[in-house]
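Note sheet for the following structure.
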Number of protein chains: 2
Amino acid sequence: MPLHLIRKLESFTRLSVLDRQALESITVEKQRRLGAREDIICEGDRPSHINLILDGWACRYKQLEDGRRQIISFFLPGDLCDSHVYVLQAMDHSIGTLTPVTFAEMSRESLIQITNRQPRIMQALWWDTLVSASIQREWTVNLGQRSATERVGHLLCELFVRLRTVGLTEGDGCLLPVTQADLADAMGLSTVHINRTLQELRGAGLIVLKGRHLTVPDLKALQVASLFNPNYLHLDHVGRHLDAGAVAES
Amino acid sequence: MPLHLIRKLESFTRLSVLDRQALESITVEKQRRLGAREDIICEGDRPSHINLILDGWACRYKQLEDGRRQIISFFLPGDLCDSHVYVLQAMDHSIGTLTPVTFAEMSRESLIQITNRQPRIMQALWWDTLVSASIQREWTVNLGQRSATERVGHLLCELFVRLRTVGLTEGDGCLLPVTQADLADAMGLSTVHINRTLQELRGAGLIVLKGRHLTVPDLKALQVASLFNPNYLHLDHVGRHLDAGAVAES
DNA sequence: CGTCTCGTTGACAATGATCAATTCATGTGG
DNA sequence: CCACATGAATTGATCATTGTCAACGAGACG
């Protein structure tokens with residue numbers, strides 16, 4: 001399995017062979033596998049590991065006392081669950097799987113070791129952390145300002161671009177392995193309205209969504225309709241100028 | 001002026017006299033003052049400084065092409081605007097004042113110097129960064145799941161507790177120097193509805209809000225009504241166990 | 001074949017938005 | 001001190017988006 005994390009970090013900077021080997025060594029450390037709808041970490045836990053999603057989709061979520069659930073963010077293959085929470089005492093939210101998930105548990109120590117030895121990895125992981133924060137801010141805008149149609153369209157744009165970054169799209173299509181109820185909990189809408197919103201997007205020819213497969217025939221059009229500006233994903237290869245001794249590779 | 005930042009960090013860990021002096025030296029470095037409704041940093045800028053709010057309120061915000069504005073977070077005295085953005089190429093959002101604001105511009109270099117010399121400050125700033133991220137997540141929950149009344153109540157709880165942490169409350173009261181339009185842009189509601197929501201909270205005896213002064217006669221009651229759980233602010237003095245050679249001070 | 005989850009549909013209710021005044025507070029210039 | 005301008009808060013009336021409830025259909029699986 002190609003490491004999606006490497007693919008993602010290389011959209012920021014170029015990694016040397018050593019960098020890649022270091023990152024690959026992480027995934028061997030300790031792999032775990034969970035089924036769909038299981039918790040990786042629960043609110044109140046004190047996490048001891050940093051988790052890297054290797055395969056499948058997971059999410060951060062919070063449950064209110066009366067049962068309402070908000071999905072706070074999606075974790076796709078290549079995403080790190082929490083790089084630095086160990087400073088805090090306890091998780092203020094939970095992390096759970098949406099599909100069956102394979103992930104690697106990295107100890108804090110080995111991560112520190114690797115980043116100390118490979119400063120470029122440190123910088124790339126910093127970039128990843130900052131982009132995650134930026135995505136969280138964009139979600140605030142999405143929930144606060146956009147209509148249901150714009151909101152769902154925006155989410156689909158974001159997921160499609162993020163999946164493309166880790167090499168999980170094929171042409172204009174990708175898998176979208178979550179239920180409409182999950183999308184509803186993420187977008188703060190009811191499942192019924194998610195359903196109607198998806199139909200609207202279908203009707204406008206902006207998406208094709210059947211089973212678990214999404215096609216975006218005209219990404220630009222969907223972006224315009226959803227007021228999606230990809231700048232917040234910071235995929236502009238900023239770090240490439242740091243490129244020093246890296247071998248040019250395909 | 002007492003340094004609100006110090007007050008805040010001490011709700012996480014205990015600082016030595018040296019730590020405090022180091023932090024105070026920051027504020028001398030370069031102070032700037034802006035009026036209300038001015039931009040500190042604009043979307044697209046490449047920020048060169050880290051800004052510390054000394055006095056007044058500011059906010060992160062994003063403006064959509066069609067004019068809609070979302071306030072993404074509030075900056076209160078003692079808040080750091082952006083500790084680490086220098087990894088990214090350009091700001092994906094703007095930071096602007098809501099009231100007249102005094103802030104200190106810290107160079108990246110002097111911050112690095114200080115945190116290298118005073119590891120406890122480094123850890124405390126880490127804590128601050130992580131709490132900011134946690135607040136952003138809670139806003140996602142707030143906008144996604146809570147009704148208008150709960151949402152506004154929740155925001156007022158958060159602001160009250162944060163202000164109390166930096167010593168800007170007096171008993172059960174504090175200043176709330178923003179307009180209802182600002183609150184509307186932050187909560188994703190119309191100004192008219194913010195107005196009616198505030199009246200509802202007033203009518204329920206949960207808040208007294210007159211002019212720019214807010215009183216919360218029964219914080220616990222407001223918390224319950226708003227489903228506010230303060231755990232996400234991580235004010236539980238986790239770092240106190242790190243306390244080693246710090247002198248006991250009043 | 002029955003059960004389960006997920007997606008879909010219709011009818012209706014409710015929350016919050018929009019529009020348009022009006023009041024209130026504050027500050028300014030004459 | 002008053003007339004006036006300005007921005008903010010408030011109100012009423014109406015509209016629209018989205019939620020709720022309930023039912024049904026389709027596919028997956030033991």
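In what follows, chains carry the letters A, B, and so on, assigned in the order in which the sequence lines appear, proteins first and then strands, with residues in each chain numbered from 1.
At whole-Å resolution of the value, NE2 in B:His193 and P in D:dT11 are 14 Å apart. Spacing between atom CZ of A:Arg146 and atom C1' of D:dT17 amounts to 18 Å, rounded to whole angstrom units. Between the P atom of C:dG16 and the CZ atom of B:Arg68 lies a distance of 18 Å, rounded to the nearest Å. Rounded to whole Å, the distance from CG on B:Asp185 to P on C:dA17 is 12 Å. Put simply, CG on B:Leu209 is 9 Å from P on D:dA9, counting in whole angstrom units. Atom CG in A:Asn195 sits roughly 5 Å away from atom P in C:dT8 (whole-Å rounding). Across the protein-nucleic acid pair, B:Leu189 atom CG and D:dA16 atom C1' stand 16 Å apart, rounded to whole Å. Here C:dC6 presents its P atom at 14 Å from CG of A:Leu176, a figure rounded to the nearest Å.
Note that NE2 of A:His154 and CG of A:Leu159 are 10.5 Å apart. Values are rounded to the nearest 0.5 Å.
No engagement by B:Thr191 is indicated, since no non-hydrogen atom pair under 4.0 Å with the nucleic acid exists. Using a 4.0 Å heavy-atom criterion, one finds that A:Thr179 contacts the sugar-phosphate atoms exclusively. If you check every strand for non-hydrogen atoms under 4.0 Å, B:Leu198 touches nothing. Nucleic acid contact for A:Gly211: none, since no nucleic acid atom lies under 4.0 Å from a heavy atom of the residue. Among the atoms of the strands shown, only primed sugar atoms or phosphate atoms (P, OP1, OP2) are found under 4.0 Å from some heavy atom of B:Arg202.
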How far apart are the C-alpha atoms of A:Asp185 and A:Arg68, what are their side-chain angles, what is the distance that settles it, and do they pass the salt bridge (charged side-chain N to carboxylate O under 4.0 Å, His left out) test? CA-CA 8 Å; A:Asp185 284 348; A:Arg68 283 177 275 177; over 6 Å; no

Report the C-alpha separation of A:Arg37 and A:Asp182 in whole Å, then their side-chain angles, then the decisive distance to 0.1 Å, and conclude whether the salt bridge (charged side-chain N to carboxylate O under 4.0 Å, His left out) test is met. CA-CA 11 Å; A:Arg37 279 155 222 295; A:Asp182 292 329; 3.2 Å; yes

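Between the side chain of B:Arg151 and the base of C:dG16 there is no donor-acceptor pair of N/O atoms closer than 3.5 Å. Taking 3.5 Å as the limit, the base of D:dG12 and the side chain of B:Arg196 contain a donor-acceptor pair of atoms between them.
Neither OP1 nor OP2 of D:dA9 sits under 4.0 Å from any side-chain N or O of B:Gln199. Contact check, B:Arg212 against D:dA9: a side-chain N or O comes under 4.0 Å of OP1 or OP2.
Using a distance-only test at 3.5 Å, with no hydrogens or angles considered, no donor-acceptor pair links the side chain of B:Asp45 to the main chain of B:Pro47. In terms of modelled atom types and a separation under 3.5 Å, the side chain of B:Arg151 and the main chain of B:Met187 share a donor-acceptor contact.
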